[in-house]
Amino acid sequence: MDSSGKPSTAQIVVLATSSALTGLFYTIYKNRATTVARLKEAKKVTIDKDLINLLSETPGRCVPYAVIEGAVRNVKETLSSQFVDNCKGVIERLTLKEEKMVWNRTTHLWNSTEKVIHQRTNTVPFALGSHDEDVSAFVRVIRPLDAAELDLETTYENFHPTVQSLSSVIGHFISGERPKGIHETEEMLRVGDSVTGVGELVLDNNLIKLQPPKQGFPYFLTRLDYDSLLGKQVKSVRLWRILALVSGFAACSTFFYILWKRYVLHKQSKKERSMLEEYKEQQKKRMRELNMEESSVSPTSCTVCLSRERSCVFLECGHVCACAQCYEALPQPKKCPICRAPIDRVVPLYNS
């Protein structure tokens with residue numbers, strides 16, 4: 001904060017950044033808290049022979065937000081892993097990532113980064129069935145890729161390092177980028193995996209469907225059980241709440257610090273004005289004692305004796321108000337006659 005009381009650029013940046021982050025973190029926190037509340041209110045449904053009758057008796061033949069756990073069953077064909085024998089699934093995701101080191105010109109360090117250069121996801125229709133093989137009921141999963149927690153198992157992972165040569169190493173140091181290699185992964189949702197789905201449960205022509213909710217509720221499809229999924233979301237809520245509180249505290253602290261500095265400067269300015277008025281009164285009183293007219297006093301006259309020229313600069317306050325003889329006559333500890341600030345040192349003033 002400068003002498004005028006205006007906050008510095010750094011203080012404005014800190015206040016604006018922390019305020020924006022507080023708003024962002026609080027919005028995410030409220031959304032996550034709403035998600036947890038809706039998960040707790042979701043109706044738990046079991047895949048059994050009575051499921052169709054249950055939905056038939058439900059208004060609209062629909063449960064707006066339901067939790068259902070079951071094993072993955074393929075409807076027709078399955079997807080085979082390209083790297084693992086006898087590995088069948090219903091969702092397959094192939095990802096190629098380029099890993100490299102990038103030189104940071106600010107920190108003068110090599111930072112590891114990665115970039116997705118190719119990703120393909122294959123799906124086939126599938127359903128969730130009961131873990132009991134004797135129960136023939138199943139729930140068809142609609143639009144699984146829209147799920148917020150689509151949890152796939154990594155079935156294959158390999159890293160192909162980049163071949164380095166002397167010329168390429170020199171080129172990498174010149175360009176500031178040093179490739180490490182290609183990271184290849186395959187992820188699958190395999191047949192038989194236990195999956196928890198949270199969404200809208202609908203009975204459509206004797207076909208039970210689990211699909212994204214129409215009310216904007218989050219859609220989940222994960223290999224975690226319901227309690228683990230809920231616990232994960234609760235931890236997320238706590239994290240975003242802590243981040244919102246920390247950033248909010250930073251914003252409030254910066255704001256009150258700016259107000260406090262303005263208050264201190266205001267008090268200091270008021271004190272200086274009071275001292276200046278007192279100095280003027282003392283000067284008028286001194287002039288009356290000497291029977292001198294105000295117009296007869298030179299503007300450069302010493303404020304103490306009113307006769308000699310000012311010849312001293314008082315530091316650190318910077319006032320030029322006295323001659324050398326009057327400065328020597330000031331009592332210890334020596335203070336500026338105008339602002340009463342301690343005089344650390346004196347610099348002679350030379351008028352050309």
Side-chain angles (χ1 to χ4, degrees), residues 27-75 89-93 121 123-132 135-154 187-241:
T27 301
I28 297 176
Y29 158 70
K30 289 297 292 182
N31 291 337
R32 297 298 175 91
T34 302
T35 298
V36 169
R38 289 171 175 171
L39 272 176
K40 291 180 178 179
E41 295 172 357
K43 183 178 181 179
K44 294 183 179 180
V45 179
T46 304
I47 301 177
D48 54 25
K49 59 183 179 179
D50 297 327
L51 183 55
I52 292 182
N53 295 331
L54 174 65
L55 290 174
S56 300
E57 298 172 356
T58 303
R61 299 161 65 92
C62 167
V63 177
Y65 208 47
V67 178
I68 191 165
E69 297 182 14
V72 175
R73 300 281 186 263
N74 59 297
V75 176
V90 293
I91 299 178
E92 178 191 37
R93 177 178 293 158
T121 303
T123 63
V124 294
F126 70 97
L128 298 181
S130 174
H131 294 285
D132 187 355
V135 177
S136 59
F138 63 90
V139 176
R140 179 74 65 87
V141 178
I142 307 299
R143 292 161 54 190
L145 298 183
D146 292 347
E149 294 279 345
L150 183 57
D151 187 15
L152 304 180
E153 178 186 358
T154 301
E187 300 170 286
M188 296 189 71
L189 181 61
R190 300 198 296 181
V191 174
D193 283 348
S194 181
V195 167
T196 300
V198 184
E200 185 181 52
L201 203 60
V202 180
L203 178 60
D204 185 11
N205 295 328
N206 291 326
L207 178 63
I208 306 174
K209 298 180 180 179
L210 179 68
Q211 59 189 20
K214 296 183 178 63
Q215 295 87 349
F217 294 178
Y219 183 36
F220 293 101
L221 194 66
T222 174
R223 291 186 295 119
L224 299 174
D225 57 32
Y226 171 75
D227 292 332
S228 300
L229 174 62
L230 182 60
K232 182 179 179 181
Q233 297 300 315
V234 170
K235 289 181 180 178
S236 177
V237 170
R238 292 173 182 169
L239 172 63
W240 289 110
R241 181 173 58 187

Student: Would you compute the distance between atom CG of L189 and atom CZ of R223 and round it to the nearest 0.5 angstrom?
Tutor: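 Rounded to the nearest 0.5 Å, the CG-CZ separation comes out at 7.5 Å.
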
Student: Below 4.5 Å, heavy atoms only, C-beta onward: do Q233 and V237 meet side chain to side chain?
Tutor: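 No; the side chains remain at least 4.5 Å from each other.
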
Student: Mark yes when over 12 heavy atoms from residues, nucleotides or ligands other than F138 sit less than 6.0 Å from its CZ; otherwise mark no.
Tutor: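 Atom CZ in F138 is not crowded, with 12 or fewer foreign heavy atoms closer than 6.0 Å.
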
Student: If I take atom OG1 from residue T46 and atom CD1 from residue I68, how far apart are they, to the nearest 0.5 angstrom?
Tutor: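 The distance works out to 8.0 Å.
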
Student: Working to the nearest 0.5 angstrom, can you tell me the gap between N53 CG and D48 CG?
Tutor: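 If I round to the nearest 0.5 Å, the distance is 9.5 Å.
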
Student: Rounded to the nearest 0.5 Å, how far apart are CG of L54 and NZ of K49?
Tutor: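 L54 atom CG to K49 atom NZ measures 14.5 Å (nearest 0.5 Å).
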
Student: Can you name the nearest heavy-atom pair linking F220 to T35, along with the distance?
Tutor: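 Of all heavy-atom pairs spanning F220 and T35, the closest is CZ-CG2, 3.8 Å.
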
Student: Taking all heavy atoms of P218 and all of P213, pick out the closest pair and write down the distance.
Tutor: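 That would be O-CG, 4.2 Å.
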
Student: Within the structure provided, determine whether E153 and M188 are in side-chain contact (heavy-atom separation under 4.5 Å).
Tutor: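 Not in contact.
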
Student: With rounding to the nearest 0.5 angstrom, report the SG to CG distance, C62 to L201.
Tutor: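 Between atom SG of C62 and atom CG of L201 there are 7.5 Å.
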
Student: What distance separates R61 CZ from I52 CD1, expressed to the nearest 0.5 Å?
Tutor: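 Between R61 CZ and I52 CD1, I get 9.5 Å after rounding to 0.5 Å.
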
Student: Quick check: does any side chain N or O of R190 sit under 3.5 Å from a backbone N or O of V72, one acting as donor and the other as acceptor?
Tutor: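 Not at all, since once roles are kept as given, no pair shorter than 3.5 Å links the two residues.
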
Student: Taking C-beta and beyond as the side chain, do E69 and Y226 meet within less than 4.5 Å on heavy atoms?
Tutor: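 Yes, at least one pair of side-chain atoms sits under 4.5 Å.
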
Student: Mind listing the closest non-hydrogen atom pair of L224 and D151 along with its distance?
Tutor: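 Closest heavy-atom pair between L224 and D151: N-OD2, 4.4 Å.
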
Student: Have a look at L221 and tell me which of T196, L150, L152 forms a side chain to side chain contact (heavy atoms under 4.5 Å, CB included) with it.
Tutor: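 Exactly one pass, corresponding to L150.
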
Student: How far apart are the closest heavy atoms of I142 and Y219, and which atoms are they?
Tutor: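 Residues I142 and Y219, closest heavy atoms: O-OH, 2.9 Å.
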
Student: Is there a side chain to side chain contact (heavy atoms under 4.5 Å, CB included) between V139 and V45 once you walk through the steps?
Tutor: CA-CA 11 Å; V139 176; V45 179; over 6 Å; no

Student: Where is the tightest heavy-atom contact between R143 and D146, given as atom of each residue plus distance?
Tutor: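 Result for this residue pair: NE-OD2, 2.7 Å.
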
Student: Side-chain contact test, heavy atoms from C-beta onward, threshold under 4.5 Å: evaluate it for V124 versus V75 and give yes or no.
Tutor: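 No, every pair of side-chain atoms sits at 4.5 Å or beyond.
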
Student: Kindly give the heavy-atom pair with the smallest separation between F126 and R140, and that separation in Å.
Tutor: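 Scanning both residues completely, I find the closest heavy atoms to be O-CD, 3.3 Å.
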
